[in-house]
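The structure appears right after this line, and notes come after that.
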Amino acid sequence: MSWKSFVLGVGIGLVGGYITREVMTEKIAASPEKALQNAKDAFKENGEISGSWIHMEKEPYQKEELHYEVYKGGISRYTGEDVKQYEFVADAKTGVIIDAYPI
């Protein structure tokens with residue numbers, strides 16, 4: 001086997017692996033844990049978090065005319081001396097926070 005055949009085989013393998021990874025990444029939904037971590041990271045910017053939770057099952061959600069599959073969860077955060085609670089809605093495909101509001 002010549003070195004050209006070897007290099008060609010390695011190149012094809014790398015390209016095939018990259019394409020497979022990209023296709024698989026698009027089809028795999030975000031985990032509830034990833035959505036919760038995204039929410040915690042966002043809320044940490046404005047104060048210390050005292051607690052958090054997430055509902056592990058996806059559910060339908062509509063905002064304006066857009067329809068999503070989402071995870072819902074909550075965050076408790078210190079605001080000065082008080083603890084304030086928020087609920088958030090995260091897209092189940094990407095883990096991105098779609099909505100958040102105080103409860």
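- Among residue pairs with one or both ends in residues 43-57, none qualify as side-chain hydrogen bond (donor to acceptor under 3.5 Å, both in side chains); sequence neighbours excluded.
- The salt bridge (Lys or Arg N to Asp or Glu O under 4.0 Å) pairs that include a residue from residues 29-42 number zero, where partners must be two or more places apart or lie in different chains.
- Pairs passing the salt bridge (Lys or Arg N to Asp or Glu O under 4.0 Å) check and including a residue from residues 77-92, sequence neighbours excluded, do not occur.
- Closest heavy-atom contact between Ala35 and Ile54: CB-CD1, 4.0 Å.
- For residues 62-73, the salt bridge (Lys or Arg N to Asp or Glu O under 4.0 Å) pairs, not counting sequence neighbours, are Glu59-Lys72.
- Here the shortest heavy-atom pairing between Ile97 and Ala39 reads CD1-CB, 3.7 Å.
- The shortest non-hydrogen separation linking Asn38 to Val96 is ND2-N, 4.1 Å.
- Taking CD1 from Ile75 and CG from Leu36, the interatomic distance works out to 5.5 Å, rounded to the nearest 0.5 Å.
- Pairs passing the ring-ring contact (aromatic ring centres under 6.0 Å, His included) check and including a residue from residues 68-103, sequence neighbours excluded, read Phe43-Tyr86.
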